[in-house]
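Any value given below was found using the heavy atoms of this structure, including those in side chains, with hydrogens, waters and symmetry copies removed.
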Amino acid sequence: MAGNNGGHRTRTVDNIRDFTVSSETTLLPFLFETLQGRSRTEIKSMLKYRHVALRGKAVTQFDTPLVPGDVVQVNFGRAFFHFNNPQVKILYEDEWMVVIEKASGLLSVANENVRDNTAYHIVLDYVRHGNPDAQLYVCHRLDQYTSGILIFAKNEELMHELRANWDFYVKERKYMCVTERVPARAEDTIQSLLVQNDRMQVHSTDNEEAGRLAVTHYRVLQSRGRYALVDVEIFTGKKNQIRVHMSEMGCPIAGDMKYGAETNPARRLMLHNYRLSFIHPVSGELMRFSLTVPPVFRKLTQELQ
C-alpha cells in the first residue's frame with residue numbers, strides 16, 4: 001500500500017499491473033508514490049513513451065487528474081498499443097470483456113464472403129497485441145448495416161453465461177431509426193411471432209410452433225415530409241426484429257431495401273443502437289453505454305426553420 005495519494009496493486013497480467021487510486025491526486029505524483037522502487041527519471045520516461053494507461057487508454061500528461069476508484073495500468077514490458085480504427089471504437093475493456101462501437105457496413109462476425117474485415121477480427125487483433133494467446137468470444141450481433149454497441153467476452157465461460165441468460169443481464173436496448181413515412185400512432189408496442197423463410201428474410205407468422213415472440217416499443221420524436229425519427233426499445237433480441245416490425249407497419253427503415261424501403265438518403269441503413277445497459281456478470285455492476293445519434297438522422301427529419 002502506498003502513501004496518502006497512492007494505490008494498491010489489484011491485478012497482474014503478463015507485464016501489465018493495475019493500481020487502484022485511493023484518494024484524489026494527479027498522475028505523476030501517484031506514480032512516484034506507487035512505483036517507489038524506480039527512479040523518477042525512469043517513471044517520467046515510462047509516462048512519456050506510453051507505458052501508462054487510464055480507463056483503457058494510454059496517457060502521457062503528467063497532470064492528468066485521478067479520483068478514488070480509478071485504475072492506473074502500468075506496462076513494464078512494452079508501450080500500450082494505440083488502437084485507431086475508423087470502423088471500431090473501444091468503449092470499455094477489462095479482463096473479462098471488451099465493449100465497442102461498430103460502424104455501419106462492418107460485419108459483426110465473418111460470413112461466407114468476408115473472413116477478416118469484421119468487428120470480431122479487428123477486436124481480436126487488438127487484444128492479441130497485448131497478449132498473443134488472448135481469445136475473444138461473440139456475445140451477440142448487430143446487422144452489418146446497423147451501427148452501435150457490441151459486447152465481446154474474453155473467455156468462453158463468460159460468453160456462455162451472457163448468452164444463456166441474456167434477458168436477465170441486459171436491462172436496456174434502445175435504437176434510433178429513420179423511417180419512410182410517419183407511423184400512424186405516435187407511440188405503440190408491436191408484438192408478433194417472427195420466422196425466417198428460405199430466402200433468409202424474416203417476417204411475422206401466426207404459426208406458434210415456428211415463430212418466436214418479438215416485442216418492440218417505438219415513439220416518434222420528430223418528422224419532416226416522408227421521414228420520421230423514431231426512438232425504439234426492444235424487449236426481445238430476434239434477428240431483424242426492428243426492421244421487420246417497422247416494415248410490416250408500413251414504415252420501413254430508410255435505406256433498408258431488403259424490407260421495402262424505396263430510398264437511401266444517407267447511403268446506409270438508418271438504424272443505430274445508441275444505448276445498452278447490462279449487469280456485469282462478474283462484478284455485478286450496472287454498465288451503461290450511450291452513443292450520440294448520427295447527425296444525419298436528426299437533420300433529415302427536423303422541421304425547417
Side-chain angles (χ1 to χ4, degrees), residues 83 85-93 97-127 136-154 158-159 162-163 166-167 169-179 194 196 200-202 212 214-218 229-247 252-259 261 264 266-278 287-294 296-297:
F83 179 78
N85 188 291
Q87 295 178 296
V88 170
K89 179 181 179 181
I90 306 296
L91 301 176
Y92 174 83
E93 181 183 6
M97 65 174 61
V98 183
V99 182
I100 71 162
E101 176 182 357
K102 181 190 82 71
S104 173
L106 181 68
L107 284 166
S108 295
V109 297
N111 62 18
E112 58 185 14
N113 298 316
V114 179
R115 302 300 303 172
D116 297 327
N117 188 32
T118 66
Y120 171 81
H121 278 281
I122 291 170
V123 179
L124 179 62
D125 287 345
Y126 162 72
V127 297
L136 195 71
Y137 301 89
V138 179
C139 296
H140 64 122
R141 304 180 186 187
L142 290 174
D143 293 340
Q144 180 177 2
Y145 295 100
T146 300
S147 54
I149 304 164
L150 277 177
I151 306 170
F152 293 99
K154 289 185 176 180
L158 181 67
M159 178 270 289
L162 270 173
R163 284 190 173 187
W166 184 254
D167 290 336
Y169 286 111
V170 176
K171 301 303 179 184
E172 186 179 34
R173 284 169 285 177
K174 299 194 77 172
Y175 291 72
M176 201 70 72
C177 68
V178 173
T179 62
L194 297 184
Q196 183 171 283
M200 305 302 288
Q201 280 192 309
V202 179
R212 300 178 66 189
V215 182
T216 304
H217 181 82
Y218 75 85
L229 181 66
V230 182
D231 191 357
V232 178
E233 183 169 10
I234 59 172
F235 301 99
T236 53
K238 302 302 182 285
K239 181 178 179 181
N240 295 169
Q241 173 177 330
I242 299 173
R243 298 168 63 183
V244 172
H245 278 169
M246 293 296 105
S247 177
I253 295 173
D256 193 0
M257 306 307 177
K258 181 177 180 179
Y259 289 105
N264 191 1
R267 297 184 180 179
R268 59 159 290 178
L269 176 69
M270 298 190 75
L271 179 62
H272 178 66
N273 170 218
Y274 75 90
R275 185 172 299 157
L276 179 63
S277 301
F278 63 92
M287 313 292 290
R288 294 186 178 94
F289 297 94
S290 294
L291 305 176
T292 57
V293 177
V296 67
F297 283 35

Spatial distance of atom [atom1] ([X]) from atom [atom2] ([Y]) [nearest 0.5 Å]:
X: H245; Y: Y218; atom1: NE2; atom2: OH; result: 12.0 Å
X: K238; Y: Q196; atom1: NZ; atom2: CD; result: 13.5 Å
X: R173; Y: I234; atom1: CZ; atom2: CD1; result: 4.5 Å
X: L91; Y: I100; atom1: CG; atom2: CD1; result: 8.0 Å
X: E101; Y: L142; atom1: CD; atom2: CG; result: 10.5 Å

Where [X] and [Y] come nearest, the two heavy atoms and their spacing:
X: Q241; Y: V215; result: NE2-O, 2.8 Å
X: L162; Y: C139; result: CD1-SG, 3.6 Å
X: F297; Y: C177; result: CE2-CA, 4.2 Å
X: N264; Y: G255; result: OD1-CA, 3.6 Å

Exercise for the section: Evaluate side chain to side chain contact (heavy atoms under 4.5 Å, CB included) for S147 paired with R268, printing each intermediate quantity in order. Expected result: CA-CA 10 Å; S147 54; R268 59 159 290 178; 2.9 Å; yes
Sub-4.5 Å side-chain heavy-atom contact between [X] and [Y]:
X: F278; Y: F289; value: yes
X: L158; Y: Y137; value: no
X: L136; Y: Y126; value: no
X: V98; Y: Y92; value: no
X: S108; Y: L150; value: yes
X: L276; Y: I151; value: yes
X: V170; Y: H140; value: no
X: T216; Y: T236; value: no

Exercise for the section: Kindly indicate, with the supporting measurements, whether the criterion side chain to side chain contact (heavy atoms under 4.5 Å, CB included) is fulfilled by M270 and V296. Expected result: CA-CA 9 Å; M270 298 190 75; V296 67; 4.2 Å; yes
Exam field: side chain [X] to backbone [Y], donor-acceptor pair closer than 3.5 Å:
X: H272; Y: T292; result: yes
X: N273; Y: I149; result: yes
X: Y145; Y: L271; result: no
X: Y259; Y: V202; result: yes
X: Q201; Y: K258; result: yes

Handout entry: NZ (K171) with more than 12 external heavy atoms under 6.0 Å
Key = yes
Exercise for the section: Report the C-alpha separation of Y175 and T146 in whole Å, then their side-chain angles, then the decisive distance to 0.1 Å, and conclude whether the side chain to side chain contact (heavy atoms under 4.5 Å, CB included) test is met. Expected result: CA-CA 10 Å; Y175 291 72; T146 300; 4.2 Å; yes
Exercise for the section: Run the salt-bridge test on K154 and E93 with the 4.0 Å N-O cut-off and return the result as yes or no. Expected result: yes
Problem - SB check D143 K102 (cutoff 4.0 Å) - result: no
Exercise for the section: I would like to know whether Y274 and D231 meet side chain to side chain contact (heavy atoms under 4.5 Å, CB included); could you show each step before the answer? Expected result: CA-CA 10 Å; Y274 75 90; D231 191 357; 2.9 Å; yes
Problem - Worked check of salt bridge (Lys or Arg N to Asp or Glu O under 4.0 Å) between E233 and R275 - result: CA-CA 9 Å; E233 183 169 10; R275 185 172 299 157; over 6 Å; no
